[in-house]
Amino acid sequence: QVQLVESGGGSVQAGGSLTLSCAASGPAYKRRYMGWFRQVPGKEREGVAAISTIADRTYYPDAVKGRFSITQDINANTVYLQMNSLTPEDTALYYCAATDFVSSSQALRQIEYDYWGQGTQVTVSS
């Protein structure tokens, strides 16, 4: 079974940066694709970054492109989300997710992911 544990959330002022970590365990073939999602109360969970752990290909929505960066440390089974130039609109509960396969066009859709972490809160103040 895949387990995902997020860390690194916290409070930061607008314009600041945070790096989230997702430590993964379980069969590697079940987590060939890793993603970061965020959710605020009353809204759907949205994908903010995804990575193919084999091809090292990354995916971002326009809202965070150029500000967020997803990377991986294969040896440590850890995926990171570097977030720069944060705004209050980035405030959310951030989740790490994993799946065995997802097509490029669907990589940021939460329904495609099978395993989820418990989430880590990010709060950006103005």
Side-chain angles (χ1 to χ4, degrees):
Q1 185 73 330
V2 173
Q3 290 189 324
L4 305 171
V5 180
E6 303 100 332
S7 61
S11 298
V12 64
Q13 288 194 329
S17 299
L18 275 177
T19 299
L20 307 182
S21 300
C22 174
S25 61
Y29 76 92
K30 291 188 177 182
R31 43 186 174 88
R32 291 191 182 118
Y33 289 80
M34 301 284 292
W36 284 98
F37 295 78
R38 66 186 181 187
Q39 189 170 25
V40 297
K43 290 191 175 182
E44 286 191 4
R45 195 171 297 185
E46 65 170 341
V48 296
I51 186 169
S52 163
T53 61
I54 296 176
D56 206 26
R57 182 176 178 180
T58 57
Y59 310 86
Y60 304 95
D62 289 342
V64 306
K65 200 170 292 184
R67 297 191 300 123
F68 289 14
S69 176
I70 185 170
T71 58
Q72 62 173 333
D73 183 336
I74 295 176
N75 291 330
N77 290 323
T78 301
V79 172
Y80 303 95
L81 182 68
Q82 173 69 42
M83 304 183 293
N84 299 321
S85 303
L86 288 163
T87 73
E89 288 69 37
D90 295 315
T91 294
L93 188 59
Y94 282 71
Y95 296 91
C96 177
T99 189
D100 59 346
F101 175 79
V102 61
S103 62
S104 297
S105 63
Q106 307 297 312
L108 295 171
R109 295 189 67 213
Q110 62 159 329
I111 196 173
E112 299 292 335
Y113 288 78
D114 302 312
Y115 306 98
W116 293 84
Q118 80 288 352
T120 185
Q121 178 68 37
V122 172
T123 303
V124 184
S125 59
S126 57

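Just so it is clear, the structure is predicted and the values come from calculations on it, not from any experiment.
The hydrophobic clustering, which links ILVMFWY residues whose side-chain heavy atoms are closer than 4.5 Å, places V124 and L20 together. Cluster annotation: L4 is not connected to L108 through the hydrophobic network of ILVMFWY side chains, with a link wherever side-chain heavy atoms come within less than 4.5 Å. Residues V2 and Y95 fall into different hydrophobic clusters, defined by Ile, Leu, Val, Met, Phe, Trp and Tyr side chains chained together at heavy-atom separations under 4.5 Å. Note on M83 and Y80: separate hydrophobic clusters, where clusters join Ile, Leu, Val, Met, Phe, Trp and Tyr whose side-chain heavy atoms are under 4.5 Å apart, directly or indirectly. Both Y94 and L18 are members of a single hydrophobic cluster when ILVMFWY side chains are connected at heavy-atom separations under 4.5 Å.
In this structure, CZ in F68 is found 9.5 Å from OG in S85, a value given to the nearest 0.5 Å. With rounding to the nearest 0.5 angstrom, the OG1 atom of T53 is 12.5 Å from the CG atom of D73. Here the straight-line distance linking atom CD1 of I111 with atom CD of Q106 works out to 9.5 Å at 0.5 Å rounding. We find the CG-CZ distance between D100 and R31 to be 12.5 Å, quoted to the nearest 0.5 Å. The distance from the CG atom of L93 to the CD atom of Q39 is 7.5 Å, given to the nearest 0.5 Å.
Within a 6.0 Å sphere centred on CD of E44, other residues, nucleotides and ligands contribute 12 heavy atoms or fewer. Counted within 6.0 Å of CD on Q121, heavy atoms from surrounding residues, nucleotides or ligands total more than 12; the atom is thus considered enclosed.
At distances below 3.5 Å, not a single donor-acceptor pair connects side-chain atoms of T58 with backbone N or O atoms of I70. In this structure a side-chain-to-backbone donor-acceptor pair under 3.5 Å is present from E6 to G119.
With E46 as the partner, the side-chain contact (heavy atoms from CB on, under 4.5 Å) test is satisfied by one option alone out of Q110, R38, R109: R38. Tested against Q72, the residues T78, D56, N77 include a single side-chain contact (heavy atoms from CB on, under 4.5 Å) partner, D56.
Counted by atom type alone, T19 and Q82 present one or more donor-acceptor pairs between their side chains at under 3.5 Å.
Shown here for A49 and P61, the closest heavy-atom pair between the two residues is N-CD, 4.4 Å. In terms of heavy-atom proximity, A14 sits nearest to S126 at CB-CA, 4.3 Å. Here the shortest heavy-atom pairing between S17 and N84 reads OG-OD1, 2.9 Å. Of all non-hydrogen atoms in C96 and M34, the two that sit nearest each other are SG-CE, 3.7 Å.
Annotation: side chain of D90 is in contact with side chain of R67 (closest heavy-atom distance under 4.5 Å). Here the side chains of S69 and Y60 are in contact, with some heavy-atom distance below 4.5 Å.
Judged as a ring-ring contact (aromatic ring centres under 6.0 Å, His included), the pairs with a partner in residues 28-47 (not counting sequence neighbours) are, in order, Y33-F101, F37-Y113, F37-W116.
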